[in-house]
Visitor: 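Here you go, one structure.
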Amino acid sequence: MDLKLNDKTALVSGSAKGIGQAIAGTLAGEGARVIVTGRSDASVAAARAEILSRIPAAELEVFAGDLADAGTVAELTGRFPAVDILVNSLGIYEPKRFEDIPDEEWRRLFEINVLSGVRLARAYLPGMKQRDWGRIVFISSESAIQIPTEMIHYGMTKTAQLAVSRGLAETCAGTGVTVNAVLPGPTRSAGVEEFVTRLSAGRPFAEFEQEFFRSVRPTSLLQRFAAPDEVASLVAYVCSPLSSATNGAALRVDGGVIKSCF
């Protein structure tokens, strides 16, 4: 299927690795010019090289900096003043008991997971409306709906993204701009592999995976971690002109973890 992205410029925050990198690569493979972002020069250079190894014709730009910082966002938007597609994929998580989460960690997760996307949307949405075309996608999580008891502060930020995305979509009524959220389920990203290594005490990944879906996410219909590319495929469609009737939605690519048909 041709997603008709050849003349589009896309910015994907948090795209140096994981789901964000998979999204950047998928959009580039569909012909979009993609701005890859990460915290360091080394990380974005490595991401660029990895994408080019798979897609030699990919048109890529890179930007390194902490997008949880308002000044860095201003620097980014000054360098790239207009984009057609914004994917807010930047995010962090950290399992921790509620009683052990101090105020500063609540603020840190909110700054990174929520406000980074708010600032980028605030910068790019007016131009999209003026041109009467644009796509904004927030990468939320199944944790937005089924708040994980092991990281309530993370779930809070993912729920906040749903509120922001729906609210922004309401402001785009009658235009060619859409704003949606995509909710991945457990996904085998680099961060998850590092997390599993810490928790598994040397056990093989496959053994940990079976136990995880038996005891932690038993409602999963997929019964395995999704691949980042499986998430990226849905995101790429939502970013395309073909998805013009999809707006203000919370779209699940959660492997059936959320036990609801709505």
Side-chain angles (χ1 to χ4, degrees), residues 1-16 18-38 44-45 47-65 67 73-90 116-139 165 168-169 171-182 228-249 251 253:
M1 179 183 292
D2 178 9
L3 295 184
K4 304 184 186 302
L5 292 174
N6 286 315
D7 60 341
K8 306 301 184 187
T9 295
L11 169 65
V12 185
S13 73
S15 47
I19 292 174
Q21 185 185 115
I23 294 168
T26 301
L27 293 175
E30 289 292 332
R33 170 179 172 249
V34 179
I35 303 161
V36 176
T37 74
V44 295
R48 182 178 185 275
E50 198 283 328
I51 294 171
L52 286 173
S53 72
R54 295 184 291 108
I55 311 164
E59 187 177 355
L60 303 173
E61 304 278 357
V62 296
F63 180 88
L67 294 182
V73 171
E75 181 184 349
L76 170 63
T77 56
R79 181 174 165 190
F80 302 104
V83 300
D84 303 295
I85 297 164
L86 169 63
V87 181
N88 289 308
S89 182
L90 177 61
S116 64
V118 166
R119 292 180 181 121
L120 288 169
R122 189 166 58 211
Y124 288 121
L125 183 57
M128 292 179 181
K129 288 181 176 178
Q130 185 177 24
R131 295 186 298 275
D132 198 32
W133 199 91
R135 298 286 184 267
I136 297 177
V137 181
F138 287 83
I139 305 303
S165 62
L168 289 182
T171 75
C172 298
T175 75
V177 181
T178 67
V179 186
N180 293 286
V182 169
D229 286 344
E230 292 176 303
V231 177
S233 295
L234 176 59
V235 176
Y237 169 74
V238 176
C239 290
S240 77
L242 279 62
S243 68
S244 56
T246 303
N247 197 8
L251 304 166
V253 58

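Count residues from 1 along the sequence. Worth knowing before you read on, the calculation uses all heavy atoms, side chains too, and leaves out hydrogens, waters and symmetry mates.
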Visitor: Quick one: pull up CG in Leu11 and CD1 in Ile136 and give me the separation to the nearest 0.5 Å.
Guide: 10.5 Å
Visitor: Can you confirm whether Val235 sits close enough to Thr26 that some side-chain heavy atom of one is under 4.5 Å from a side-chain heavy atom of the other?
Guide: no
Visitor: Please find the pair of heavy atoms, one from Ala121 and one from Phe138, that lie closest to each other, and give the distance.
Guide: CB-CZ, 4.5 Å
Visitor: For Ala249, does its backbone N or O pair with a side-chain atom of Asn180 as donor and acceptor, under 3.5 Å?
Guide: yes
Visitor: Would you indicate whether the side-chain heavy atoms of Thr175 and Met128 approach each other to under 4.5 Å?
Guide: no
Visitor: Verify side-chain contact (heavy atoms from CB on, under 4.5 Å) between Leu60 and Ile55, making sure each step is shown before the conclusion.
Guide: CA-CA 10 Å; Leu60 303 173; Ile55 311 164; over 6 Å; no
Visitor: Looking at Val238, is its backbone amide N or carbonyl O close enough to the side chain of Ser243 to form a donor-acceptor pair, meaning the two atoms are under 3.5 Å apart?
Guide: yes
Visitor: Could you note down all residue pairs passing salt bridge (charged side-chain N to carboxylate O under 4.0 Å, His left out) where residues 48-57 supplies at least one of them, sequence neighbours left out?
Guide: Glu50-Arg54
Visitor: Can you give me the closest heavy-atom contact between Val179 and Asn247, atom names plus distance?
Guide: N-OD1, 2.9 Å
Visitor: Please confirm whether the backbone N or O of Thr9 pairs with a side-chain atom of Asp84, one donor and one acceptor, at under 3.5 Å?
Guide: yes
Visitor: Kindly indicate whether the side chain of Val36, heavy atoms from C-beta on, has any atom under 4.5 Å from the side chain of Val34.
Guide: yes
Visitor: Working to the nearest 0.5 Å, report the span between OG of Ser15 and CD1 of Ile23.
Guide: 8.5 Å
Visitor: Looking at every heavy atom in both Ala24 and Ile51, which two are closest together, and how far apart are they?
Guide: CB-CD1, 4.0 Å
Visitor: Rounded to the nearest 0.5 Å, what separates atom CG in Asn88 from atom CG in Leu90?
Guide: 8.5 Å
Visitor: Distance only, no hydrogens: is a donor on one side chain within 3.5 Å (strictly under) of an acceptor on the other, for Thr171 and Lys129?
Guide: yes
Visitor: Answer whether the closest heavy-atom distance between the side chains of Ile85 and Val137 falls below 4.5 Å.
Guide: no
Visitor: Where do Gly176 and Asp132 come nearest, in terms of heavy atoms and distance?
Guide: N-OD1, 2.9 Å
Visitor: For a quick test of reading the model, state the closest non-hydrogen atom pair linking Arg131 to Ala82 and the distance between them.
Guide: NH1-CB, 3.9 Å
Visitor: So, for Leu52 and Ala58, which heavy atoms are closest and what is the spacing to 0.1 Å?
Guide: CD2-O, 3.6 Å
Visitor: Using modelled atom types only, decide if a donor and an acceptor are shared between the side chain of Arg135 and the backbone of Ser240 within a distance under 3.5 Å.
Guide: yes
Visitor: As an exercise, state the distance from CH2 of Trp133 to OG1 of Thr178, rounded to the nearest 0.5 Å.
Guide: 7.0 Å
Visitor: Would a distance-only check, ignoring hydrogens and angles, find a side-chain to backbone donor-acceptor pair under 3.5 Å from Thr37 to Val12?
Guide: yes
Visitor: Looking at side-chain heavy atoms only, is the closest gap between Val87 and Ser13 below 4.5 Å?
Guide: no
Visitor: Please report the interatomic distance CD(Glu230) to CD1(Ile19), rounded to the nearest 0.5 Å.
Guide: 10.5 Å
Visitor: Between atom CD1 of Ile35 and atom CZ of Phe63, what is the distance when rounded to the nearest 0.5 Å?
Guide: 10.0 Å
Visitor: Quick one: does Glu30's side chain have a donor or acceptor within less than 3.5 Å of a partner on Leu5's backbone?
Guide: no
